[in-house]
Amino acid sequence: MTAFVGRRLAQALLQIWGAITIVFIALRVLPGDPAELILGSQATPEQLAELRAELGLDDPLPAQYISHLQDVVRLDFGDSWRQGVAALDACLERLGPTLVLSAWAMIITVVLGFVAGSYAARHANTAIDHLISVTSLVGQALPPFWIGIMLSLIFARMLQILPSTADGSMASLLLPALTLALPFVGWLGRLVRTGILEEMNQDYVRTAHAKGLSHRVVFYIHVLRNTLVPIVTMLGLLMGYFIANGVIVEVIFAWPGIGSLLVDSITFRDYAVVEAILTVITLCYIVLNLIVDVLYAYLDPRIQLENA
Amino acid sequence: MTGVLLQVDDLAVEFDTPKGPLRAVRGVSFQVGEGETLAIVGESGSGKSVTAHTLMGLVPLRARIVSGRVTIEGRDVTGLSDKEWRELRGERIAMIFQDPLSALNPSLTVGYQIAEMFRRHRRLGRKESRRLAVGLMEQVGIPDAERRLDDHPHRFSGGMRQRVMIAIALALDPRLLIADEPTTALDVTVQAQILRLLRQRQRADRLGMIIISHDLGVVARAADRVAVMYAGRIVETGTVAEVYERPAHPYTLGLMRAVPTPRDGGAPLEAIDGQPPDLLAPPDGCAFHPRCPFARDKCREVDPEQHELGPRRASACHFAEEVMTGVHTGHG
Amino acid sequence: APGGSGTGPAAGGSRPLSAAFYQAINDLDPHGASAVDEASLLANRQIYDTLVGRDGDKPAPRLATSWQQPDDKTWEFTLRDGVTFHDGTKLTSADVKASLDRLAKSDGPQKPLWSMIDTIEAPDPLTVRITTTAPLGTLLANLTLAFILPAARMGEAGFFRKPIGSGPFAVKSFTPSAQLLLEPAKSHWAGASKLPGLRLPYIPEASTRMTSLQNGEVDVTWIIPPDELKRLQGVDGLRIESEPGLNYFLTWFNCGREPFSDPRVRRALHHALDLKSIVSNLYGDAATVMDAPIPPAVFGHAPQQPYAYDPDLAKKELAEAGHADGIKTSLMWFKDTGPLATELAQSIISAWAKVGVIVEPQQIEKAAWIKRLTALDWDIELQVNTVTTGDADYTLGRLYTSEANRMGYKNKELDGILTEARTTSDQERRKSLYGRACEIIWRDAVGVFPAALAATYGLRSTVQQFVPVANSQPEFRAVTTS
Amino acid sequence: MTAVRTTPGRSGGPAPVLRRLAALPLRAHLAIGTVLVFAVAGLLGPLIKPYDSARTSPPDRLLPPGARLSDGAVAWLGTDQVGQDILAEVLAGMRTSLTVALVTVLVGGSVGLFLGLVAGYFGGWADGIISRVGDIQLAFPSLLLAILLAGVLGPSMVNVIIALAVTRWVIFARVVRGSAIAVRDREFVDSARVMGASHGRILLHYILPSCLPPLLVAATVQVGLTMVAEASLSFLGLGVPSSQASWGSTIAEGRDYLASAWWIAAVPGAALALVVVSIGILGDLLRDTSDPMTEL
Amino acid sequence: MSTPVMDEPILELDDLVTSYRLTRGIGRSGGEVRAVAGVSLTVRAGETVGLVGESGCGKSTVARTIVGLVRPSSGRVLFEGRDLSTLPAQEMRLLRQDIQLIFQDPYASLNPRMTVAALLKEPWRIHRGLVPRERWDEEVRSLLDRVGLRAEHADRYPHQFSGGQRQRIAIARALAVRPRLIVCDESVSALDVSVRAQILNLLKDLQRDLGVAYLFISHDLGVVRHICDRVAVMYLGKIVEVGSKDSVYRHPSHPYTQALLSAAPSLDDWRDDERREIVLGGDVPSPLSPPSGCRFRTRCWQAQDRCREEEPALIERDTDHPVACHFPAPS
Ligand SMILES: Nc1ncnc2c1ncn2[C@@H]1O[C@H](COP(=O)(O)OP(=O)(O)OP(=O)(O)O)[C@@H](O)[C@H]1O
Ligand SMILES: Nc1ncnc2c1ncn2[C@@H]1O[C@H](COP(=O)(O)OP(=O)(O)OP(=O)(O)O)[C@@H](O)[C@H]1O
Ligand SMILES: [Mg+2]
Ligand SMILES: [Mg+2]
């Protein structure tokens, strides 16, 4: 177990290093210079040069890279020039809302996805099954922002039953979480459906019936548990998607999350914040995957952590 | 023979396939008595498994019982409801499958899967069920049962898993045990262990048992009586001695001659030519006639009925007597 | 949960007034990197105070009750007595000196405004004396951006996460570019606010912002997108107020580059545009066609004779300039520079196409736009500019000099006028000098100035005493709700 | 017209294909029909309804479907916020959106195919490096990576394709690697090795054919998802520049008019949904039939 | 093809050891399985040697090592006296033709995307010059005929055949390069008895006509007895007993061989119901951690202390029938 976690952590470190490097390369080669954005269009060349030197933008790239890595190890991404605070703080302040939103989206997806998926599996190849499958395709075919704006128009502007922006209430969570979840409800539903159908064909299900167990017991105790195994891995991925897709939803519903901050920070070349955010998201992602792996091993005893 | 445990009359099962109905079982009749082991042999696809599953009320997906009656301990079970079947399965009749790994739920402990029998059927508590499960595991020869109870199936070897399957099947003292190729996935030495265990349990509890196999050797070792299946029909029945010594159907004869024996001295085997028939469109007359060295015009036209050759000895060949003597003259 | 203590649309009397501007408040440091962002200024106006304010196009007393100029380069301000910061300490001349010193030393975008400051002295607690290296006509206008901080505390770490000022509202909580939550200061020299609180959420998506105004999540929001104006006017429970603004679209020609070094070409392109039709179709009431290089609300504005829409004349002039076969050029802008910017750009491009000027549209990203703009690496560009101080110097004096060289246009005469206007403290004189500058810029067609945007406010009917202002930085002290 | 004849004893041939086509479920026909209609419209669109981003007409802004324009033409699907005919814009946008999606999938697919084959077949350090790079990249949610790249590169069609293709190759590489590994140890590959076949031959004749069907299925799915992703980038202002009509940018720009001029976003939105759903259905069908064993 | 002299060794395995490295994560070694732990065996030209043993004992690994699919970690594979591992690649490729492998699963061993003709021509494409192109079609026909298929089958795909027919195709394909030795790894185990008989007969015919030698791997003692000249019994990576068919079957000397023979079901088993059968307890130990000393001692009913400490060598006693046991039964 410890060996497994150790190996996974080594892998995680590698991933983080890779992520930091990708971000560094991407940000340093891109056109646009924070000094100009900071000083605005009225700055003199001398002022610009001074600020660039101060920001360390004049050093050769390898030197910048090394010192950047050193800083990152100390969790020091520098200050956000736009907010005037440590980039990491600026980022962590926004992480909470994103996680809350993603968690709710996850709950909605899982509940609706499992209900739809098991219903479709039980009624495989009926009209309702096809309907569910087409609906799920439509859910993924519509741009998430379109779904979000429509939900907002219908429930907030026309019906006026739900708030359209984050105001701290539970009700204000509903629309953004739903927007985030909807495209994936059908996706998960299809996954659950095929999972169940596949599992139903397994020999052990036949054994369970031969044991004289009721359909409920066979389904809930034998089949569902095994269906969960592959799906749990997907859920880790899904949570990652939610954190990332949050960008769009956060913009629409003025949700104070990490995604909208990221987009702003890229636009304004707030390198420190971009780096902090991407590192934090990568970390979340990696931690999630680690949790998934452990959960996976718990659910599926065939996977042994020791020699996974 | 004492009481009849199982009586099957003219059972026929069809699959709905895109290419039309597939007649997997075509009028099968046999009986199994208390303390008796019936072996069903036949090549792949001859309908052995479908027959066995139907006996358990586990009619496969897209399959349908076309005709026939199945009586278990005198009770007609053909039209039972789901709930009634559930009370029968495990309690009165039980089943063991070929591949003991895939037949066990990979994510539940072995102990749970055994104890489940007591918990669901007998409504016993967790502790009590566990205690009984340990007892069962010891009975089927799993060493260190107490400790292994909480292991998952993948930690057991093939032979041990099959012992677990047997424990599950025997948990509620059923009267009839169906074993569908119980040792095919196992090594010879382990196969010997399992066959011995089955035989012991069957004798001790005076179980009625159906053992399904394509291995004539296994059948010879494990069974009292044999039913040979070909293309969805039983073509010959009798005691092991009767059938092995004097096959009464050309197919049985062919099977026997296709198996290498120490006595053949490496001489070429007498293979059965041709392919098993397409069950979507079985040939007219006797299904075996295209491959049969004895075939005549009658065989091409009339599908032979089972006919008695003696007490509980029957063959579905128009020329059974000829075949029986043929064996004698051919292989002195 | 995120968002702080706001409440849903149905909540009752004690909820804070919710006012959503269309830009994000990133930072509460009034001297920092975002010091001239309109959103930051909006926040700063509630939290801090300045020595001088504006009343129409005239300076008005705020923290300074009066001022005089002992000589051309010296200004003396008398402070209001009894002003306190939110923590109860008194605001004195030491605070003013410290704040102005900090501002002058800052690296932020206000730096150029304060480069001519020589010394700042605080001879007594209620007097501040500023000397400049040369006469500085714009000092009062610049001071409307100089927010005063408590000297003793402004250096504290983390001070600007929950800063203290002497403005009408104190900070309760702040999430950058998400939400600023304010509560009324206990006392204010002009009278304490009666609002239970003030919430300034940032709602990036225009349609969401409109939705939240309509379902009551937000009480005030501005700027209203032009296309929403008409629709909102008919909605129950809402009212629209608008005021000529300080924001305007400008389209510079790169006058240092062929073919735009030729004023005939620039004028021809002017004639090719039917700005009246374009602006009224696109913006309706939300913008007006400009008649000078700066909007009417700005001090120093002088109306000019509009260029007539005359495509034939345009073609003729182009031919005269040697471009009878037309011109191939490009127009660059970034997407969010202003409302309907892309649509405006497309309309302008279409109109020019009709006189044979083929313009490649270059909608680029803001950072790249700035880089190219300052490097003069462009043919034509479109942007929204803001006269932040409300004084023509902020725009004309800063951007149109040969030294600034922002669009390759160099004119010695104009340089002289602009320098004089900056260094004169006689406001009447300044006004006429800027009028002259407007004329030169207009005549030489340094750029096209398509539209001045109105500051349009949408309010719930419950909001009273709200004063719409040109600079998009309304004060909420006097606002009440019914 | 030549008669179609079938050779007895042979599988394949045109007649069975037609028969198989006829046996497909209704939704498959609908999906194929939709895709065909859109393909034809995309090809002929510029001939029917030319689109020019520089031809705006402010007086004709925001007209509802069926309205008459100032030049007398009828805008059957309405006009947008600069007075462009939505029909023309959607037709032109389809070319952009489909080009972006197809090129992205083609580029990502080719890179993924190559790397996946190498990783899956050779294993060892090549696999180690490729898989690790893939892991690193997957530690980045794909939308974020696309945002970062598109933000960095600036809005242009090529950049959108680059940003999206970079996020896709891993998916394809994983699919290919998976099937390559599955096939690599199959007995028929071993028998080719025993025969003395070279790596190149095995890769080309044995591994590649087995990797293509799952790759094709993944590609179909990704074409749809890429179109949606392109729209999302447009929403954030990082997509194809507005001078080049694309469904994504039209939907994104129409979002402010959903309450007043719904047709701007609804028409391309519906088109996008239709195409993506149709492609999705086709992908499902492909998935169901891609195994040659099921052709029996 | 000339009829080779029977006694000439064609394949010699010399203390062959083959291990699998278990990998864990990023290039980390997770230990080794010595699947073949020192096997010496000789196959002579034109003869059939059977290799029997239980699942996992390393039979397939021996086969895979011989045909070069895996590399031995030590020991040698000599083909006609030449060490395969030291040969240059070019010669190696040529030698490849001489040894062919037929697998267990007739469904998995043929490329589903190739027609039978393409499958049979594949080796000629690889080894150019083996058969001139213009004779390909003719050669395909004669190969099909050889294995009892009809010429019109050439254009079909493998999935259009039954299991027995597929195995015939696989055999035809192996014959296409005119090998001297064919390794049959459980080649008939997946087939029904009647079909199995056809294939066994075919293999025998081919040997008679072409003089190929077989290394015949199977767990079915009856089949091995039928087809082989000599038999080697393997247990956990080692050969425990080798000898001519008659001497091994009649006088098994190793306890494992005895148990195996007694456990193997046969048609005659019904005759003596209460036969003295030897039923071994337990399972084959894991090759990851084989027992010390004699590998069989954990299941051996006559194991003694010596078996724990000392590993018995495969010793030839009086006859040509070596046994690796400290206490072999007298033959
Ligand atoms: N689900 C199914 N759908 C269609 N046909 C089926 C299905 N299951 C079995 N069959 C057919 O029914 C026939 C009998 O099958 P069954 O499984 O009973 O054979 P078997 O004798 O058990 O063979 P084996 O020895 O291979 O297990 C076969 O021809 C098979 O193809
Ligand atoms: N690729 C591999 N990696 C690791 N271990 C392997 C590999 N292949 C085989 N082994 C192990 O090597 C041992 C011998 O395997 P091998 O396949 O040679 O046995 P076998 O005698 O052919 O068995 P079977 O009768 O089941 O085919 C087994 O323990 C097996 O688990
Ligand atoms: Mg079966
Ligand atoms: Mg093997």
Side-chain angles (χ1 to χ4, degrees), chain B residues 41-46 141 143 156-160 183 185-193 195-197 213-224 226 239-241 243-245 251 254-276 291, chain E residues 48 52-57 148 161-165 190-202 204-205 219-229 245-246 249-250 256 259-271 273 275 277-286 299:
Chain B
V41 279
E43 282 178 283
S44 186
S46 53
F156 286 70
S157 70
M160 287 299 159
T183 59
L186 304 175
D187 276 327
V188 252
T189 57
V190 182
Q191 167 171 293
Q193 295 168 4
L195 287 179
R196 172 181 280 194
L197 173 67
S213 179
H214 61 258
D215 186 330
L216 295 169
V218 167
V219 169
R221 182 172 289 196
D224 304 318
V226 198
T239 63
V240 173
V243 173
Y244 278 55
E245 214 155 20
Y251 173 64
L255 273 189
M256 299 284 175
R257 289 190 178 162
V259 178
T261 63
R263 282 167 281 127
D264 64 25
L269 300 167
E270 289 180 40
I272 308 176
D273 285 335
Q275 305 287 326
R291 308 173 73 187
Chain E
T48 304
V52 291
E54 283 179 287
S55 175
C57 70
F161 291 92
S162 71
Q165 286 174 316
L191 305 175
D192 270 331
V193 255
S194 59
V195 182
R196 185 176 73 190
Q198 297 167 1
I199 299 293
L200 288 175
N201 289 345
L202 173 64
K204 280 206 141 183
D205 291 349
H219 61 262
D220 187 325
L221 292 157
V223 168
V224 168
R225 181 176 203 167
H226 175 78
I227 199 167
C228 296
D229 303 310
K245 170 171 71 182
D246 284 344
Y249 277 82
R250 295 238 170 83
Y256 177 63
L260 210 54
L261 285 173
S262 131
S266 120
L267 279 187
D268 301 328
D269 280 356
W270 59 274
R271 286 179 201 278
D273 196 35
R275 270 175 318 121
E277 51 175 21
I278 309 166
V279 175
L280 290 177
D283 307 294
V284 188
S286 156
R299 299 174 79 195

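First the proteins, then the strands, lettered A, B, ... as listed; each starts at 1.
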Working to the nearest 0.5 Å, report the span between OG of E/S194 and CG of B/L269. 11.5 Å

Within the 3.5 Å criterion, strictly below it, is a donor on B/R221 or E/S266 matched to an acceptor on the partner's side chain? no

Can you measure from CG (E/D269) to CG (B/L216) and round to the nearest 0.5 angstrom? 11.0 Å

Can you tell which part of B/A267 gets under 4.5 Å to a heavy atom of chain E, answering side chain, backbone, both or neither? backbone

Quick one: what part of E/S55 sits under 4.5 Å from any heavy atom of chain B, side chain, backbone, both or neither? both

Part of E/I227 within contact of chain B (heavy atom distance under 4.5 Å): neither

Shorter than 4.5 Å, heavy atoms on both sides: which option in B/P260, B/P268, B/A223 has the most such pairs with chain E? B/P260

Could you give the distance from CG (B/D187) to NE2 (E/H219), rounded to the nearest 0.5 Å? 7.5 Å

In short, E/P265 meets B/D215 closest at the heavy-atom pair CG-OD2, 4.1 Å

Chain E contacts, top residue of B/S157, B/P276, B/G158 (heavy-atom pairs, under 4.5 Å): B/S157

Can you tell me how far CG of E/D283 sits from CZ of B/F156, rounded to the nearest 0.5 angstrom? 11.0 Å

Using every non-hydrogen atom in the two residues, find where E/A263 and B/T189 come nearest and quote the distance to one decimal. CB-CA, 4.0 Å

Separation of E/L191 CG from B/E43 CD (nearest 0.5 Å): 10.5 Å

What do the steps show when you test E/H226 against B/T261 for side-chain contact (heavy atoms from CB on, under 4.5 Å), and what is the final call? CA-CA 7 Å; E/H226 175 78; B/T261 63; over 6 Å; no

Highest number of heavy-atom pairs under 4.5 Å with chain E among B/P262, B/G159, B/G254 belongs to B/P262

Is the closest side-chain heavy-atom distance between B/R263 and E/D268 below 4.5 Å? yes

Could you look at B/P143 and say if it's the side chain, the backbone, both or neither that has a heavy atom under 4.5 Å from chain E? neither

Rounded distance [0.5 Å steps], CG in B/L255 versus CG in E/D192: 8.5 Å

Tell me if a side-chain donor or acceptor on E/Q198 pairs with a main-chain N or O of B/I272 at a distance below 3.5 Å. yes

Expected output: side-chain B/Q193 to main-chain E/V279 donor-acceptor under 3.5 Å: no

For E/V193 and B/H214, run side-chain contact (heavy atoms from CB on, under 4.5 Å): C-alpha distance rounded to whole Å, both residues' side-chain angles, the deciding distance at 0.1 Å, then the answer. CA-CA 8 Å; E/V193 255; B/H214 61 258; 5.9 Å; no

Under 4.5 Å from a heavy atom of chain E, the part of B/Q191 involved: side chain

